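Small disclaimer: the values here were computed from a predicted structure and weren't measured.
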Amino acid sequence: MNYIEFSDVSFTYPAFEDDLDSNGMPIQPKPIFEHFSGSIPAGFTSLIGPNGSGKSTFLMLASGRLIPQQGKCYLQGTDIALLKEEDKNLLASVIYQNMEFESKEKVKDLLSFVYTNGALKGCAKSILSKTPDLKEEVIDEFELKAVLEHGLTEISKGECQRVLLAFSILYGSKSIFMDEPLFAMEEYQKENALKYLKIFSNTTNTPIYISMHELDLTRKYADSVLLFYPNRDMDYGSPQEVMTNEALEKAYGVPVSMLKKAEDMTREELQQSSETIKKVLS
């Protein structure tokens with residue numbers, strides 16, 4: 001059974017008020033999806049493709065955070081647009097890079113709040129059996145002990161992303177959607193996070209759909225891949241089936257060798273940004 005299903009979906013972002021053409025007329029954005037129908041099953045799935053190809057919009061539509069102007073998006077057979085906010089959250093958690101929080105509460109209190117007020121009601125066994133309780137496990141796996149006494153506004157971007165990963169697990173939704181959740185994290189932390197997320201997904205039968213730029217990590221950890229092309233075409237299958245040199249070059253418009261260099265450059269820039277933020281906060 002397919003977990004995500006789009007039926008004749010059309011979606012266009014609204015025009016920006018100050019985005020005008022040379023004649024002073026509002027520039028009308030191009031549609032992201034037009035009469036799109038398609039479906040994919042549950043699993044630990046990575047969404048890849050160039051910027052602007054529709055990955056984030058796909059995730060937001062599938063999780064009910066955006067509503068199509070036409071058509072329907074079904075999640076586990078449910079038209080998610082019809083659900084109340086709480087029911088929508090229980091069916092699908094969503095995290096993305098640069099989420100902003102104004103709360104000054106300590107990380108440990110926020111983790112407890114999410115854990116006790118979500119579907120798990122503060123009571124879930126660990127997955128790896130290193131600790132009895134799931135909350136203690138995610139604190140260990142996402143390296144959060146050092147920030148438990150800090151507020152979210154007092155920690156680095158990478159630390160904040162790891163807290164968000166913990167939120168997504170502890171809330172206990174039936175599925176999890178992640179848009180670039182590895183932002184500003186150290187390389188080993190990305191590896192550890194993906195390893196744990198995959199185990200969690202497969203052990204608990206919780207579908208996780210995650211978009212990310214790191215193609216090598218997609219090859220290493222994803223069970224399935226959804227590759228987006230600039231013209232909105234998509235390929236779905238195993239990493240071996242989908243991530244051929246020919247397909248990647250068609251999607252990104254550059255040789256595979258250049259993709260690797262661009263990926264390394266992005267990592268370096270994120271690392272520099274993370275170090276700058278840490279210095280400012282220290």
Side-chain angles (χ1 to χ4, degrees), residues 4 40 42-63 65 92-99 141-143 156-169 175-202 206-230 234-245 247-249 251-254 256 258-274:
I4 296 174
I40 59 174
F44 190 67
T45 303
S46 176
L47 284 67
I48 61 172
N51 290 335
S53 58
K55 302 186 300 298
S56 297
T57 306
F58 182 94
L59 289 172
M60 295 302 110
L61 287 168
S63 61
R65 271 49 178 189
S93 289
V94 179
I95 67 170
Y96 48 89
Q97 68 175 357
N98 283 333
M99 292 180 75
E141 292 300 315
F142 297 135
E143 297 184 352
S156 71
K157 287 288 188 181
E159 290 166 340
C160 188
Q161 289 303 120
R162 301 203 306 275
V163 172
L164 294 178
L165 291 176
F167 286 169
S168 70
I169 297 295
S175 58
I176 301 174
F177 292 78
M178 300 181 170
D179 190 14
E180 299 297 340
L182 307 180
F183 174 74
M185 290 168 57
E186 304 284 349
E187 291 306 308
Y188 80 92
Q189 292 168 341
K190 294 179 182 181
E191 291 257 3
N192 291 343
L194 287 172
K195 185 184 300 183
Y196 181 74
L197 289 171
K198 180 172 182 175
I199 293 172
F200 177 85
S201 175
N202 293 337
T206 302
I208 295 181
Y209 302 93
I210 175 171
S211 72
M212 55 184 177
H213 289 298
E214 293 87 353
L215 298 181
D216 57 338
L217 295 182
T218 289
R219 286 191 181 93
K220 187 172 182 179
Y221 292 103
D223 292 328
S224 302
V225 176
L226 185 61
L227 172 60
F228 287 70
Y229 295 94
M234 303 175 200
D235 283 338
Y236 176 83
S238 68
Q240 295 76 22
E241 292 170 332
V242 173
M243 299 178 69
T244 64
N245 287 352
L248 292 175
E249 290 178 357
Y252 290 90
V254 296
V256 170
M258 290 182 64
L259 277 178
K260 181 62 178 174
K261 291 180 181 178
E263 187 177 329
D264 289 340
M265 185 178 297
T266 301
R267 288 174 177 172
E268 184 177 339
E269 290 172 351
L270 290 175
Q271 177 66 26
Q272 290 174 351
S273 298
S274 178

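- Listed here is the closest heavy atom pair of Pro50 and Ala251: CG-O, 3.3 Å.
- Contact check for Val256 versus Leu215: no side-chain heavy atoms found under the 4.5 Å cut-off.
- Pro181 is not listed as a side-chain neighbour of Leu164, based on a closest heavy-atom distance of 4.5 Å or more.
- The neighbour count for Tyr96 OH, taken as heavy atoms of other residues, nucleotides or ligands under 6.0 Å away, does not exceed 12.
- Here Asn202 contributes atom CG and Ile208 contributes atom CD1; the two are 8.5 Å apart, rounded to the nearest 0.5 Å.
- For the atom pair CZ (Phe228) and CG (Asn51), the distance works out to 13.0 Å, reported to the nearest 0.5 Å.
- Residues Asn192 and Glu141 have side chains not in contact (no heavy-atom distance under 4.5 Å, counting atoms from C-beta outward).
- Put simply, the side chain of Met212 reaches to within 4.5 Å of the side chain of Leu194, judged on heavy atoms.
- A search for salt bridge (charged side-chain N to carboxylate O under 4.0 Å, His left out) contacts involving Glu249 returns nothing, not counting sequence neighbours.
- By the 4.5 Å heavy-atom criterion applied to side chains, Ile4 and Phe177 are counted as neighbours.
- Remark: the backbone N or O of Thr206 is paired with a side-chain donor or acceptor of Ser201 at under 3.5 angstrom.
- Scored by the salt bridge (charged side-chain N to carboxylate O under 4.0 Å, His left out) test, Lys195 finds no partners at all (sequence neighbours excluded).
- For the residue pair Ser168 and Ile176, the shortest heavy atom distance occurs at O-CD1, 3.4 Å.
- Considering every non-hydrogen atom in both Glu143 and Arg162, the closest pair reads O-NH2, 3.1 Å.
- Across all their heavy atoms, Glu180 and Gln161 have their closest contact at O-NE2, 4.1 Å.
- We find that Lys55 and Asp179 are not joined by a salt bridge, their nearest charged nitrogen and carboxylate oxygen being 4.0 Å or further apart.
- Applying side chain to side chain contact (heavy atoms under 4.5 Å, CB included) to Thr218 and the options Ile48, Leu227, Leu47, Thr45 leaves one that passes, Ile48.
- With rounding to the nearest 0.5 angstrom, the CE atom of Met185 is 14.5 Å from the NZ atom of Lys157.
- The shortest distance between side-chain heavy atoms of Leu182 and Gln189 does not fall below 4.5 Å.
- Residues Tyr209 and Phe58 place their aromatic rings such that the two centres sit no closer than 6.0 Å.
- One distance of note links CG of Leu217 with CD of Glu187; it measures 7.0 Å at 0.5 Å rounding.
- Closest approach of Gly49 to Tyr252, counting heavy atoms only: N-OH, 2.9 Å.
- For the atom pair NZ of Lys198 and OG of Ser46, the computed distance is 11.0 Å after rounding to the nearest 0.5 Å.
- The ring pair (Phe, Tyr, Trp, His ring centres under 6.0 Å) search around Tyr196 returns Phe142, not counting sequence neighbours.
- Using a 4.5 Å heavy-atom threshold, the side chains of Ser211 and Leu59 count as touching.
- Looking at every heavy atom in both residues, Arg65 comes nearest to Ser93 through NH2-CA, 4.4 Å.
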